[in-house]
Amino acid sequence: MNTKRFRDLGLAAAGAGLTAVYALTTLAQTTPPAATPPAAPAAPAAPAAAALKIDTGDTAWMLISTALVLMMTIPGLALFYGGMVRKKNVLATTMQSFAICCLVTVLWMVLGYSLAFTEGNAYFGGLGRFFLAGLKVDGIIDLAKTIPESVFMCFQLTFAIITPALIAGAFAERMKFSALLWFTGLWSLLVYAPIAHGVWGPGGFMGADGWFGKSSMLDFAGGTVVHINAGVAGLVCAYVVGKRRNYGTENMAPHNLVLSLIGASLLWVGWFGFNAGSALGANGNAGMAMAVTQIAAAAAALAWMFAEWVVLKKPSVLGIVSGAVAGLVAITPASGFVDPTAALVIGIVAGVVCFLGATTLKKAMGYDDSLDAFGVHGIGGLVGAVLTGVFAKAAIGGEGKSGLIDGAPGQVLVQIYGSCITMVYCAIVTFVILKIVDVTIGLRADPEHEVEGLDINLHGETVH
């Protein structure tokens, strides 16, 4: 201990003997000396900083969560989307989810993870994990203090996989497979990675000490990064690619809603990994995230069902499963910050608003979002992002994670600003990528291929 600190201890250390002097010396290195009589026992020494150490329980839960989120895309989303298209396009649609999973995995390993989650600037990470260089078997990073970085990398990979797979629902049954691959690769690196870095990455512009000062954008599990991002990209795709041939005059009803129900059920179960896994540990936050996720999904499914029952006179299978997904989307950004009552409200609002978005709004705006990527994910993500700013509680999310009802009305504005920034950036870059792909190789399948079906013409296979 240096001379100045020894003088500061003064008489308090002198009368306590050599053992007490040593204890106070250790304590003085991290905290000021306590104002207690010299004879009082010294407090135990506090560690200078929390050590990064792998926790086997947290790691086990995150391994499970990673598998659950991967299940959401293959087979969950593949079946959900595959059942909603016409029979002549079911293989092409499921192929999109599977191929996106493979392509994004390789891109994430090469560059995506590094751009999203390493130190860089406010908008992009650096190249510290280019080709996953430096990834150690027992390495830990500050973003996930109790699990191996390899597990964190894989967990985040599953989010990067499902986001562009969601977009595919907007242009189902009409985009060329080659165009899909080019669009997905460019979009993953130029849109997903910077938005993920901006919200979740070290030094990101929507995080703490970013554009919004101390009030960071609250997005626990991807309402902005995944759902608003994918929904807005889907809307742009729907406009740029154009409507399906004979849209509005030909029957384009789903060919197999049993597949869609099974897919939606897998999405629901997998979403516990999506939301509860975002706690990055087996802890109370994960438990609360799981509870509010279940409540919001059920409330939204019922809300959509009853809204459809009132408006269209019959409750449909497609309606109730779409409502459940809408509730899961809306609770995603809020899942680590709100209580069960708030989850109930968020679910009800999301179910009704997304029903209107997928029916009334789509008709009014005149776009063909084949499988309602924008109506469910874009609008549901916006509902969830804003209501997170209303219902977030510091007692659940921690210091600085308060919303309107918890005495922090400014958080609502932060949520709105962050959502708007994401939408504008995503829309502009998505449009540019689509135009580049269209000029170089073309976006749309040939008219005769589209009429006959993409399965036989793009992949040489059919379902009988």
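All of these numbers come straight from a predicted model, not from anything done at the bench.
Remark: Thr94 OG1 to Gln96 CD distance equals 8.5 Å, nearest 0.5 Å. Atom OG of Ser188 is separated from atom CG of Leu103 by 6.5 Å, given to the nearest 0.5 angstrom. Here Ile161 contributes atom CD1 and Cys101 contributes atom SG; the two are 4.0 Å apart, rounded to the nearest 0.5 Å. Residue Leu218 holds its CG atom at 4.5 Å from CD of Gln415, rounded to the nearest 0.5 Å. Atom CZ in Arg129 sits 12.0 Å away from atom CE in Met109 (nearest 0.5 Å). Here the CZ-CE distance, from Phe152 to Met62, works out to 8.5 Å after rounding to the nearest 0.5 Å.
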- Go through the steps to decide whether Phe155 and Ile147 satisfy the test side chain to side chain contact (heavy atoms under 4.5 Å, CB included), and finish with yes or no. CA-CA 11 Å; Phe155 180 67; Ile147 64 175; over 6 Å; no
- Item | Full working for side-chain hydrogen bond (donor to acceptor under 3.5 Å, both in side chains) between Trp271 and Thr332 | CA-CA 9 Å; Trp271 225 290; Thr332 292; 2.8 Å; yes
- Task: Start with the C-alpha gap between Thr430 and Trp187, add the side-chain angles, then the distance that decides, and say whether side-chain hydrogen bond (donor to acceptor under 3.5 Å, both in side chains) holds.
- Result: CA-CA 7 Å; Thr430 299; Trp187 193 90; 3.0 Å; yes
- Begin from the C-alpha positions of Cys237 and Ile167 and carry the test side chain to side chain contact (heavy atoms under 4.5 Å, CB included) through to its verdict. CA-CA 8 Å; Cys237 287; Ile167 301 171; 4.0 Å; yes
- Go through the steps for Leu361 and Phe374 under the test side chain to side chain contact (heavy atoms under 4.5 Å, CB included), then give the verdict. CA-CA 10 Å; Leu361 180 64; Phe374 177 70; 4.1 Å; yes
- Message: What verdict does the side chain to side chain contact (heavy atoms under 4.5 Å, CB included) test give for Leu166 and Leu77, after you've listed the backbone C-alpha separation in whole Å, the side-chain angles of each residue and the deciding distance to 0.1 Å?
- Response: CA-CA 8 Å; Leu166 293 171; Leu77 189 67; 3.8 Å; yes
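In this structure, a donor-acceptor pair under 3.5 Å is present between the side chains of Asp58 and Thr146. No side-chain donor from either of Thr293 and Trp268 sits under 3.5 Å from a side-chain acceptor of the other.
Considering only heavy atoms from C-beta on, Phe274 stays 4.5 Å or farther from Leu68 through its side chain. Residues Leu115 and His197 fail the side-chain proximity criterion, which asks for heavy atoms closer than 4.5 Å. Ile421 has its side chain within reach of Phe205: a pair of non-hydrogen atoms, C-beta onward, lies under 4.5 Å apart. Side-chain contact between Trp61 and Asn283: absent, with no pair of heavy atoms (C-beta onward) separated by less than 4.5 Å. Using a 4.5 Å heavy-atom cutoff, the side chains of Leu52 and Asp142 are in contact. Between Val376 and Trp304 there is a side-chain heavy-atom pair separated by less than 4.5 Å. Side chains of Val349 and Leu387 form a contact here, defined as non-hydrogen atoms less than 4.5 Å apart. Contact annotation: the side chain of Val104 approaches that of Thr184 to within less than 4.5 Å [non-hydrogen atoms, C-beta and beyond].
Across every non-hydrogen atom of Ala170 and Ala238, the tightest pair is O-CB, 4.3 Å. Looking at every heavy atom in both residues, Leu107 comes nearest to Gly185 through CD1-CA, 3.4 Å. Nearest heavy atoms, Ser65 versus Gly277: OG-CA, 3.4 Å. Ile228 approaches Gly381 most closely through the heavy-atom pair CG1-C, 3.6 Å. Residues Ala286 and Ala279 approach most closely at N-CB, 3.6 Å, considering heavy atoms. Counting all heavy atoms, side chain and backbone alike, Thr118 lies closest to Gly128 at OG1-N, 4.3 Å.
Phe159 and Tyr192 have their aromatic ring centers separated by at least 6.0 angstrom. Between Phe337 and Phe220, the gap from one ring centroid to the other is short of 6.0 Å.
A distance-only check finds no donor-acceptor pair linking the side chain of Asn275 to the backbone of Ala289 [under 3.5 Å]. Between the side chain of Ser370 and the main chain of Ala172, a donor-acceptor pair closer than 3.5 Å is present. Here the side chain of Ser114 pairs no donor or acceptor atom with the backbone of Leu111 at under 3.5 angstrom.
The 12-atom threshold is not exceeded at CZ of Phe98, counting heavy atoms of other residues, nucleotides or ligands nearer than 6.0 Å. Summarising the local packing, CZ of Phe431 is surrounded by 12 or fewer heavy atoms from other residues, nucleotides or ligands at distances under 6.0 Å.
Listed by chain and number, the residues in a salt bridge (Lys or Arg N to Asp or Glu O under 4.0 Å) with Lys136 amount to none (sequence neighbours excluded).
The side-chain hydrogen bond (donor to acceptor under 3.5 Å, both in side chains) analysis of residues 215-231, with sequence neighbours excluded, yields the pairs His227-His377.
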Below 3.5 Å, can you tabulate the donor-acceptor pairs from side chains in residues 400-409 to any protein atom, sequence neighbours excluded?
{"residue": "Ser402", "atom": "OG", "partner": "Asp406", "partner atom": "OD2", "Å": "2.9"}
{"residue": "Asp406", "atom": "OD2", "partner": "Ala394", "partner atom": "N", "Å": "2.9"}

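Lys362 and Asp369 are not joined by a salt bridge, as no carboxylate oxygen comes within less than 4.0 angstrom of a charged side-chain nitrogen.
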